[in-house]
Each structure stands twice: as structure tokens, then as C-alpha cells.
Amino acid sequence: MMITILSGGTGTPKLIQGIKEIYPQEEINVIVNTVENEYFSGGYIAADIDTVMYTFADMIDERYWYGIKGDTFHIREKLIELGTEELLTIGDQDRAIEIQKAILLEDHTLSEVVEFQKNHLNIKAKIIPMSDEDSDIKINTKEYGEIEFHEFLIKYGGEPEVLEVIYSDVNPSPELIETIEKSDKVIIGPSNPITSIRPITSIKGVEEALKGKEVIAVSPFVGNDAFSGPAGKFMTAFGYETSSKGVAELYKAFLNTLVIDNQDAQMKGDLEEIVPEVIVTNTFMNSIEDKINLAKVVLNME
Ligand code: GDP
């Protein structure tokens, strides 16, 4: 049974750690958000794609869900010593992956580059960028006007009030729609609904393709809080409640099943007015057992 997972770079990779323990990688496709991609410091950063690759290759630095565990920072230190401002903290091995992307992108598409790198890392799952085109995400904030997403997160610590999230309209990568169409099940991981998932689902043809499929999503919220990060602010800016109810509303056009946390069990009835099926379980993914248990629920393998 072929499954497709829609992913950002923190919540869904945690679920992927569970899925890959119990499901053959050859039958897994992951469609990954690319709006945060950018050229930086001589390399091409595809943060969410790299996190998904490193997760499959058991190399991810789980402290940050970014970069390679045990990496060194010699190039960063030297660059700073030489007077370069390095807003992002990039390790040496991670940088090599990014530099190679920049080199290969000179005459290959992003899909081809990712296929090349993931094969090199011996990853059997298929990793598909949502688009091969340059995309961009900007946050319009009350305090600083329109700023880059990285600035919002790192320079300003996710603090500014979000008025609007603006990302480019891009065409799907060549395999995106066909991959969804060929899947027996689509899993929307617990990623940021506005900055990670919506950029994928709003690409032309994706929503139509999802409508014909069995689609299950895991909520990234418990009560009125995200498990981590600024997802709540973005939901508010888009006029959605910061909760699993907001997620249900946002995905309702194509969602069959929403998985919510035990702590939100009282919401089940209300949510079933919005989506056909609601599953209540533990959605905190702290240990590998948590991740495997949630993967079993999502894959209906309990
Ligand atoms: P980004 O690309 O780094 O922004 O990461 P994602 O969009 O993939 O993931 C961010 C989301 O993951 C946040 O909204 C969190 O609420 C969610 N998240 C993080 N850890 C967990 C967890 O253990 N369980 C669930 N259900 N969601 C989580």
C-alpha cells in the first residue's frame, strides 16, 4: 500500500521516525514544503527537505530538528572570524549538503538534486519537493512590516504580532499530483498548518487530487497551544482558531480523519460536525514508543 506524507520540518519528521520503524520505506512518499528554501552563505538551504532526509538517514539533530547530529562548526567560526555575519547556525556536514545542492542546481531541478542526495544517503523512501520553482514566504508584522520568515523566527524570536503570511504561487513539481493520485492513503503530519502544509495544499491541482483520497491528519495543537513554535499566531492571522478545531476547518475540504490528543477528547463531538471521523489518542511524540504508537494509529495498524 503506497502512502504519501505531507511534511514540514519538525512535527511530521517526528511522526516519520515512528512510521519508518513499522512501514517499508519503498512504499513511502514524502511531499515536502519548500517555501522556506533560499540561497544562504554559499549554499542552498532546503530546511524541511534536509530535515526529512536526515530523519530517514537517522542523522537528524533532534535538539533543533535542524542540521546533523554531532556536526562541527569550523566553517561557521572561520566565517565569523573573517567578518561574515552568519544569521543561521549551520554545521560543516550540513553545509556540505547545502553547497552540493547549490552546485547541482546550476543544471538540475530541485527534484533531481533531492533524488541524487537521498539516494546517496541510502534512503529508500521517495522525497518530493512540493515545487521545483523558487518560492518565498514573508511575514507581515505589526512591529517591523514585511520580514523574511527566518528573520521572524531567529532575529525576532517569533515574537512580532503576525498580520499576514504571504507566500509565492508556484507550480507543482513534476511528480507531486501523480504521487498523490497513486497513493492509497495521504497523511498530513502535525506540521504548522499555515507555513508548512497550506503552501503544499494550495498549489494548483493538489486539493482536487486530495479530494479523491483517504486523507488523515494529526493535529499539531493540544488545547489552544501548539506543541512548539509559532503555529498559533499564524492560525490567528488567517482567521482560524488556534486549536484542533481550526485545523479541522482549514483542512475540511479534503480531510476524512483528524487525530487529536487525549487532552482534547471533549472536542470530539464538535469536530465530528466538521470532519467525518475523529480519533482521540496520545499525540505527544516524546519517545520512540510514542512515535510508533501514533504511526500505528495513523496507518490503521493497531
Ligand atoms: P517547521 O517546518 O520547523 O515549522 O516544522 P513543522 O511545520 O513540521 O512542525 C511544527 C509543528 O509541529 C508545530 O506546530 C508543533 O505544534 C508541531 N509538533 C511538534 N512536536 C509535536 C508533537 O510531539 N506532537 C504533535 N502532535 N505536534 C508536534
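Order of appearance sets the numbers: ligands from 1, and atoms from 1 within every ligand.
- Between Lys124 and Glu26, none of the side-chain N atoms (NZ, or NE/NH1/NH2) sits under 4.0 Å from a carboxylate O, so this pair counts as no salt bridge.
- The shortest contact between atom 10 (C) of ligand 1 and any protein heavy atom is with Asn192 N, 3.8 Å.
- Shortest contact from atom 24 (N) of ligand 1 to any protein heavy atom: Thr283 O, 2.8 Å.
- The aromatic rings of Phe149 and Phe234 are tilted relative to each other, their planes meeting at an angle between 30° and 60°.
- Checked for salt-bridge contact, Glu208 and Lys211 meet the test: a charged N lies under 4.0 Å from a carboxylate O.
- Between the side chains of Lys142 and Asn140, no donor N or O sits under 3.5 Å from an acceptor N or O.
- The shortest separation from a heavy atom of Ser228 to ligand 1 is under 4.0 Å, placing the residue in contact.
- For Met285, a nitrogen or oxygen atom sits less than 3.5 Å from a nitrogen or oxygen atom of ligand 1, counting backbone and side chain alike.
- Every atom of ligand 1 is numbered from 1 in the order shown, and the set under 4.0 Å from a heavy atom of Ala226 is 16 (O).
- Protein heavy atom nearest atom 4 (O) of ligand 1, with residue, atom name and distance: Ser196 OG, 4.0 Å.
- Atom 21 (C) of ligand 1 has Phe227 CB, 3.5 Å as its closest protein atom, hydrogens excluded (heavy atom only).
- For atom 9 (O) of ligand 1, the closest non-hydrogen atom of the protein is Gly11 N, 3.1 Å.
- Proximity of Ala231 to ligand 1, defined as any heavy-atom pair under 4.0 Å, is confined to the side chain (atoms from C-beta onward).
- For ligand 1, the polar-atom distance check against Gly9 finds a nitrogen or oxygen pair separated by under 3.5 Å.
- The closest protein non-hydrogen atom to atom 20 (N) of ligand 1 is Lys14 NZ, 2.9 Å.
- One finds a salt bridge joining Glu148 and Lys138 here, because a Lys/Arg side-chain nitrogen approaches an Asp/Glu carboxylate oxygen to under 4.0 Å.
- Proximity of Asp48 to ligand 1 is established by a heavy-atom distance of less than 4.0 Å.
- The environment of Glu85 atom CD is sparse: at most 12 non-hydrogen atoms of other residues, nucleotides or ligands sit within 6.0 angstrom.
- Of all the heavy atoms of Ser191, the ones lying under 4.0 Å from any atom of ligand 1 are found in both the backbone and the side chain.
- Using a 4.0 Å cut-off between charged nitrogen and carboxylate oxygen, Glu62 and Lys291 count as a salt-bridge pair.
- Ion pair Lys101/Asp50 flagged as a salt bridge, since at least one NZ, NE, NH1 or NH2 atom sits closer than 4.0 Å to an Asp/Glu carboxylate oxygen.
- Close contacts between ligand 1 and Ser219 involve ligand atoms 26 (N) [criterion: under 4.0 Å to a heavy atom].
- Counting heavy atoms under 4.0 Å from ligand 1, residue Ala47 does not touch it at all.
- Of the listed options Ser7, Ser244, Pro190, Pro190 places a heavy atom closest to atom 17 (C) of ligand 1.
- By the 4.0 Å N-to-carboxylate-O rule, Asp58 lies close enough to Lys20 to be salt-bridged with it.
- Of the listed residues (Leu15, Val32, Thr10, Val52), the one carrying the non-hydrogen atom nearest atom 3 (O) of ligand 1 is Thr10.
- Ser191 and Ser196 share no donor-acceptor pair across their side chains, judged by distance under 3.5 Å alone.
- A salt bridge links Lys126 and Glu115; the closest N-O separation between the charged side-chain nitrogens and carboxylate oxygens is under 4.0 Å.
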